[in-house]
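Report on the following structure.
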Amino acid sequence: MFSIFGIMDTVDIKQFGQIVFFTGAGMSAESGVPTYRGRGGIWHRYRWEEVACQKAFDKDPLKVLEFHELRRQAVLKCKPHRGHGVLVRTEQEHPEMAIITQNIDGLHQRAGSKNVIELHGSLWRLRCPECGMKVEDKGPKYESYTCRCGAWLRPDITWFGDYLDEAVIARATETIRACDLFVSIGTSGVVWPAAGFPELARAGGAFCVEVNPEPTELSARFDLVYRGKAGEILPAVFSISAPGK
Ligand code: APR
């Protein structure tokens, strides 16, 4: 729970103008949502080639939809933790703060965060690959597997091999370029373009902080590294207190 400098430095957010919290699967881990690559990670239990790419969907849409339904049911049993609460309160004091997340679980929004850029889409939205219709669908089971036009609906998330939404990437990139404080939480930093974000933030002159219990490929690029869990580090380090969530 200490920074790599061996002391528990705190970060006074009042010193910064634009703040970006960039989150990955580790942000949701203490809520009970498994990460992708760590111990017990989703990609150790499932082959993404069979459940998380367009080719798999074209071959067996029902199997892919059922996999995502299981994920929805698992996420619905999870609750945001104290670390999510810190980000909510930071935004209340600092309305220009942004969260850029790779997570599709919607936990930031469930905690109460408003300005959330979802890089990889959402588990709670479906889209029709034929007519382009999008539908919010938030229950444990999908209301329908098919669109009015008759095509299979697919989760509106970025699978392996998919292009990211250009407008979303442009918004994220602009936000990071303009920030003074960039805090990366719980991402292994191996997936692009997210892997390039700390460098982008640095190039724009931001102070860069990493929160992760494990070293990552990007750790050397940060000005300050906290080795610990999001739910413990965020309440301890950011000057805004987080009453139990
Ligand atoms: N607090 C903070 N970080 C944590 C915690 C925790 N409690 N628990 C684990 N971590 C860290 C791990 O050490 C790891 O570095 O979270 C990171 C999770 O890494 P990944 O599983 O690779 O998740 P992520 O980086 O979000 O993956 C990126 O890859 O499969 C795709 O689309 C999927 O959005 C995902 C993308």
Side-chain angles (χ1 to χ4, degrees), residues 1-4 21-54 56-57 64 67-68 71 74-75 78-87 99-108 111 116-125 154-165 168-169 172 182-198 209-222 224-238 242 245:
M1 156 107 174
F2 290 97
S3 80
I4 51 170
F21 288 94
F22 173 52
T23 64
M27 181 73 207
S28 301
E30 288 151 89
S31 293
V33 182
T35 61
Y36 291 98
R37 296 173 183 80
R39 210 176 309 132
I42 289 171
W43 302 142
H44 299 304
R45 284 185 286 144
Y46 294 91
R47 294 188 68 230
W48 64 260
E49 294 89 339
E50 289 174 14
V51 292
C53 65
Q54 186 64 42
F57 184 71
V64 171
F67 164 76
H68 287 88
R71 293 209 59 200
V75 169
C78 300
K79 288 201 180 85
H81 58 70
R82 275 162 34 100
H84 291 100
V86 171
L87 271 50
I99 295 173
I100 300 177
T101 188
Q102 296 170 93
N103 299 342
I104 56 174
D105 55 34
L107 280 184
H108 286 300
V116 183
I117 301 176
E118 291 178 312
L119 285 181
H120 295 168
S122 171
L123 255 185
W124 312 107
R125 199 169 53 240
R154 60 158 277 179
D156 191 20
I157 63 181
T158 307
W159 285 329
F160 287 89
D162 284 350
Y163 291 106
L164 278 92
D165 184 321
V168 174
I169 294 297
F182 178 84
V183 186
S184 172
I185 308 164
T187 176
S188 56
V190 295
V191 172
W192 282 85
F197 286 171
V209 179
E210 178 178 62
V211 179
N212 197 312
E214 305 285 336
T216 70
E217 299 202 4
L218 303 176
S219 293
R221 308 224 163 95
F222 289 89
L224 186 59
V225 174
Y226 292 101
R227 284 278 162 259
K229 296 179 175 178
E232 294 168 4
I233 297 290
L234 292 173
V237 162
F238 290 87
K245 256 259 171 212

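Read the numbers this way: they start at 1 and go in the same order the structure lists the ligands and their atoms. This structure is a prediction, so every number in the text was calculated from the model and none was measured. Below, all heavy atoms of this structure are taken into account, side chains as well, without hydrogens, waters or symmetry copies.
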Who's the nearest protein heavy-atom neighbour of [atom], and how far?
{"atom": "atom 10 (N) of ligand 1", "result": "Gly26 CA, 3.5 Å"}
{"atom": "atom 27 (O) of ligand 1", "result": "Arg37 NH1, 3.1 Å"}
{"atom": "atom 34 (O) of ligand 1", "result": "His120 ND1, 2.9 Å"}
{"atom": "atom 35 (C) of ligand 1", "result": "Tyr36 CE1, 3.5 Å"}
{"atom": "atom 28 (C) of ligand 1", "result": "Gln102 OE1, 3.3 Å"}
{"atom": "atom 18 (C) of ligand 1", "result": "Gly186 O, 3.7 Å"}
{"atom": "atom 8 (N) of ligand 1", "result": "Ala29 CB, 3.7 Å"}
{"atom": "atom 30 (O) of ligand 1", "result": "Trp43 NE1, 2.8 Å"}

Heavy atoms only, cut-off 4.0 Å: how does [X] contact ligand 1, side chain, backbone, both, or neither?
{"X": "Lys229", "result": "both"}
{"X": "Ser188", "result": "both"}
{"X": "Trp48", "result": "neither"}
{"X": "Thr187", "result": "both"}

Suppose I only count heavy atoms of [X] and a 4.0 Å limit; which atoms of ligand 1 are within that range?
{"X": "Phe160", "value": "30 (O)"}
{"X": "Glu214", "value": "13 (O)"}
{"X": "Gly24", "value": "26 (O)"}

I'd like to know if the side chain of [X] and the backbone of [Y] have a donor-acceptor N/O pair within less than 3.5 Å.
{"X": "Asp156", "Y": "Ser122", "value": "no"}
{"X": "Ser31", "Y": "Val33", "value": "no"}
{"X": "His120", "Y": "Leu164", "value": "no"}

Fill in: Heavy atom of Val191, distance to ligand 1 below 4.0 Å
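Yes, Val191 has a heavy atom closer than 4.0 Å to ligand 1.
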Item to complete: May I ask whether Pro213 has any heavy atom positioned less than 4.0 angstrom from an atom of ligand 1?
Response: yes
Worksheet, complete the sentence: Heavy-atom proximity to atom 14 (C) of ligand 1 ranks first, among Asn212, Thr35, Ile42, for Asn212
Can you check whether [X] has an N/O within less than 3.5 Å of an N/O in ligand 1?
{"X": "Met27", "result": "no"}
{"X": "Ala230", "result": "yes"}
{"X": "Glu30", "result": "yes"}

Is the shortest heavy-atom distance from the side chain of [X] to the side chain of [Y] under 4.5 Å?
{"X": "His81", "Y": "Lys229", "result": "no"}
{"X": "Val191", "Y": "Arg37", "result": "yes"}
{"X": "Phe22", "Y": "Leu119", "result": "yes"}
{"X": "Trp48", "Y": "Tyr36", "result": "no"}
{"X": "Arg154", "Y": "Asp162", "result": "yes"}
{"X": "Thr187", "Y": "Thr216", "result": "no"}

Item to complete: To the nearest 0.5 Å, tell me how far Arg82 CZ sits from Leu234 CG.
Response: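 Going from the CZ atom of Arg82 to the CG atom of Leu234 covers 10.0 Å.
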Item to complete: Give a yes or no on whether a salt bridge exists between Arg227 and Glu210, defined as a side-chain N under 4.0 angstrom from a carboxylate O.
Response: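 Looking at Glu210 together with Arg227, the answer is yes, because their closest N to O distance falls below 4.0 Å.
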Worksheet entry | Criterion side-chain hydrogen bond (donor to acceptor under 3.5 Å, both in side chains) against Ser28, the qualifying member of Thr35, Asp105, Thr23, Thr101 | Asp105
